[in-house]
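Starting from 1, each residue takes its place in the sequence as its number.
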Amino acid sequence: MKKIMKKSLVLLLALTFVAMSALSVAASQATSYSYTLDDKGEFVRTQDAYLPDRTITSLGLSDPEDMIIEQNAEGENILIIADTGHKRVLVYNLDREKIINTIEVFTASGQEKKFESPKGIYLTQKGDLYVADSTAKTVYRFKKQNNQYDFYYVRQYDRPTAPIFDESASSNYEPSKVAIDSGENLYIVSEGNYNGIIQLSNAGEFLGYFAANQTRLTPQQAFMKLILTREQEEKSEILNTLPSTFSNVYVDHKGLAYSVSMGTGTDLLKKHSTDGANLYKDVVTWNNMTDVTADDDGIVYTSDVKGYISVYTRDGELIFDMGEAVQGMDISGLFSSLTTIAVDNKGNIWTADGEKGYIQSFVPTDYAKTIFSALKEYEDGDYDSAMEDWNTVLRLNQMSVLAHNGVAKAYYNDEDYEPAMEHFEIAGNREGYSNAFWEVRNVALKKYIGPFLLFIVLLIVLKILLGVIDRNKVIPRKKKALGEKLKKLPVIGELGYAFKCARHPIERYYDIRVGKNGSMIAAAIIYVVFFAVYLLYQTSKGFIYQYTDVEDMDMGAVVIGFFAILILFIVCNFLVTSITDGDGTLKQVFMIPAYGLMPALFAMLITIGLSYVLTYNEKFILDVTMIVGVGWSLAVIFEGLATVHDYDFSHTVLSLIITFVFMLIAAIVVLVVIIMWEQLYGFISTVGKEIYRNVTGNQS
């Protein structure tokens, strides 16, 4: 009996182990990290957003280029894919794992035809299937038969015959991708056509180019365009630039058009208005995007040829980014060449590897589902439910920018502005913070405007009373006497002299020139104070206008750079003016900039203070303040140099130009010396170590 129980226990444990092993193998796990953006716009890891699910290798695909997923009458997901390498279009039931139809040969105009290179497909809500064939240089249109997936040929869209289409040398017509809007107009991406997305009516009439990419010039090209004639530009190979090409186009069920391009920039993913304009601004993308799609909730999905999948909100804000480029390895969820992407009615992502010919699906995790749910609830106006879901996300990831933005927007729409400001600040959303702060400020103004005006009135009344009581002007005389005493103090009076230079630069700098006023100590103090205020200006403005965090600044480089440039300017200007018959001494040249910095110094202080009470709508006030302050200081310093050196306007400008050239040369010389010293030090160090090893016999 004991032996039977012992064997049964061993058998039970073995079965349990086998079951656990089977479960662990079946359990899906992420094969690449998921990323999102932090409040500084940099990629950071986040919880897994999607997990690899099904890998379909049984279809025998060769270079699949495009696919789309439709829900049939039974609620099943039907995948239609362009199997480019095998010159066919495949219809596959994802839920039943069954091929429904294969379109290879079809009857057109009474004769049989075959696809030559089907690269793009699109299925309309009416059941019309469009196939872009680049080698055949046409777009085929098919229609469902008996509401099944047995498609029959209707017509094709060949090269437009409109003269305006043929006017451009780059009007190539080799359709590789196609999409259809609710008016049955065609949006065609053509290989080798740099003019943009071709738009045709359903009758085949050329309507124009729906959208176009802009040519981006490098600094070298921009400079050459300034100096070359039109004939030289046409002959120049450097200026022979072409815009990035569209790689795919998609129109969702609401009629919104999306496009992706290959190239560089922040406009590779576009959401188009009805006139083709881009509704997105500065979207974070990859450089080799191959496909784009959107679900019914407006969530946008893109693929990159190197294997990256990106998910965006309807406003173009990055939610997730995942994937990794691999070669020579078969790993579920990683691609050698990711060519297309689609989404089913359950939110699962479906992709295809163009090089290896398999289909891979991804299922969203609970974390991703919660985020999508919160986004949908917010768009539907259910702010309470959205708030609950966003708080769930924050419990999982306390620094989720997306969640803090969501919570802030929910608070804002509930007119609870102060907590909205807090979350906008954490998310780094300055525009949202500005809008919330506007409302908070309005409440504060309404509350305190009365007491503030009363305080101003009391001050005015007090001044009038003092004027009546002090008929003998005792207070003004004492103030004047105190000012005279302060002026006589060595450093205090010389510091105060800087304010007079700002108001009357010619007279005051003349006093410096003849040695009546100014001192090296006061100038040095002004430089130190100005630098301290400059640091405050760079690091301590209000959140709306503070774009750089202190921890991201190299303070050592800032300090060395500021004083190095200052000293270099003083020395180079003195040397230049010595050669060009300037009258100023090194001491006077040292004092000239210092005594002209007061307007800029106070402009920075005013800007720092106003940055805490102004919103984005009043940004022009800060801009004007800094322009006036810095411009005033530059004008005062310029006048100071002219006065002290006894130059006219043209001589002063010339001396400054030569000074800046000398500064540049000096900086280059110093850089070369540093590099040479580092190389010399490395050489001497290597030789010394070698001599030490040879003498001591220590080879370690």
Side-chain angles (χ1 to χ4, degrees), residues 68 120 122-126 128 130 132 139 141 157 159-217 241-285 289-302 312-318 379 431:
I68 195 166
Y122 189 87
L123 185 68
T124 68
Q125 291 181 303
K126 293 182 179 180
D128 290 356
Y130 292 77
V139 175
R141 178 184 173 190
Y157 297 86
R159 181 184 179 87
T161 57
I164 191 174
F165 183 79
D166 289 322
E167 284 180 359
S168 174
S170 60
S171 296
N172 196 49
Y173 189 75
E174 297 180 16
S176 60
K177 298 293 183 290
V178 63
I180 316 298
D181 64 15
S182 56
E184 297 189 352
N185 298 313
L186 285 74
Y187 300 82
I188 300 172
V189 173
S190 173
E191 294 180 355
N193 192 319
Y194 297 95
N195 292 328
I197 298 174
I198 301 168
Q199 188 175 21
L200 303 181
S201 70
N202 194 255
E205 179 185 357
F206 177 62
L207 302 178
Y209 289 98
F210 175 68
N213 287 323
Q214 300 298 318
T215 302
R216 296 182 181 86
L217 298 179
T241 58
L242 294 172
S244 57
T245 58
F246 289 96
S247 53
N248 218 320
V249 62
Y250 177 78
V251 177
D252 66 14
H253 294 163
K254 297 178 182 178
L256 293 171
Y258 304 82
S259 67
V260 288
S261 304
M262 289 194 175
T264 58
T266 57
D267 61 347
L268 300 181
L269 168 63
K270 296 184 178 73
K271 180 179 181 179
H272 298 279
S273 61
T274 54
D275 61 354
N278 185 14
L279 300 176
Y280 286 158
K281 302 296 181 185
D282 297 334
V283 180
V284 177
T285 59
M289 304 181 77
T290 55
D291 199 3
V292 57
T293 189
D295 62 21
D296 293 337
D297 295 326
I299 303 299
V300 181
Y301 306 80
T302 66
Y312 303 86
T313 67
R314 64 176 63 204
D315 297 322
E317 184 180 2
L318 182 69
E379 293 296 335
E431 185 174 354

- Item | Main-chain N/O of Asn172 paired to Asn193 side chain as donor or acceptor, under 3.5 Å | yes
- Message: Less than 3.5 Å apart, any donor N or O on the side chain of Asp295 or Tyr301 sitting next to an acceptor on the other?
- Response: yes
- Output field: ring centroids Tyr122/Tyr130 closer than 6.0 Å: no
- Query: So, Thr313 versus Asp315: side-chain donor-acceptor pair below 3.5 Å or not?
  - Reply: no
- Item | Close side-chain approach of Phe206 and Ile198, heavy atoms under 4.5 Å | yes
- Which pair of heavy atoms, one from Gly276 and one from Ala211, lies closest together, and at what distance? O-CB, 3.8 Å
- Message: Measuring from atom NZ of Lys271 to atom CG of Asp252, what distance do you get when rounded to the nearest 0.5 angstrom?
- Response: 7.5 Å
- Between the side chain of Asn278 and the main-chain N/O of Lys270, is any donor-acceptor distance below 3.5 Å? no
- Message: Looking at every heavy atom in both Leu207 and Leu200, which two are closest together, and how far apart are they?
- Response: CD1-C, 3.9 Å
- Considering residues, nucleotides and ligands other than Glu379, do more than 12 of their heavy atoms fall under 6.0 Å from its CD? yes
- Message: For a quick test of reading the model, state the closest non-hydrogen atom pair linking Tyr157 to Ser201 and the distance between them.
- Response: CE2-O, 4.0 Å
- Does the side chain of Val292 reach to within under 4.5 Å of the side chain of Leu269, using non-hydrogen atoms? yes
- Query: Is the shortest heavy-atom distance from the side chain of Asn213 to the side chain of Phe246 under 4.5 Å?
  - Reply: yes
- Verify, without hydrogens or angle tests, whether Arg314 (side chain) and Val300 (backbone) share a donor-acceptor contact under 3.5 angstrom. no
- Query: CD1 of Ile68 to OG1 of Thr293: how many Å apart, nearest 0.5 Å?
  - Reply: 6.5 Å
- Are Ser261 and Thr245 side-chain neighbours, meaning at least one heavy-atom pair lies under 4.5 Å? no
- Separation between OG (Ser247) and CD (Glu191), nearest 0.5 Å, reads 11.5 Å
- Message: Rounded to the nearest 0.5 Å, what separates atom CZ in Phe210 from atom OG in Ser259?
- Response: 8.0 Å
- For the residue pair Tyr173 and Val139, what are the closest heavy atoms and their distance? OH-CG2, 4.3 Å
- Message: For Tyr258 and His272, I'd like to know if the aromatic rings sit close, meaning centre-to-centre distance below 6.0 Å.
- Response: no
- Residues pairing under salt bridge (charged side-chain N to carboxylate O under 4.0 Å, His left out) where one sits in residues 172-183, two or more places apart or in two chains, turn out to be Glu65-Lys177
- Message: Any non-hydrogen side-chain atom of Tyr280 less than 4.5 Å from a side-chain atom of Asp267?
- Response: no
- Are Thr124 and Glu184 side-chain neighbours, meaning at least one heavy-atom pair lies under 4.5 Å? no
- About how many Å separate CG of Asn248 and OG of Ser176, when rounded to the nearest 0.5 Å? 7.5 Å
- Item | N/O donor-acceptor pair under 3.5 Å between Tyr312 side chain and Val284 backbone | yes
- Query: Looking only at heavy atoms, what is the nearest atom pair of Pro175 and Ile188, with distance?
  - Reply: CB-CG2, 3.6 Å
- Met262 to Thr290 - nearest heavy-atom pair and separation: CE-CG2, 3.8 Å
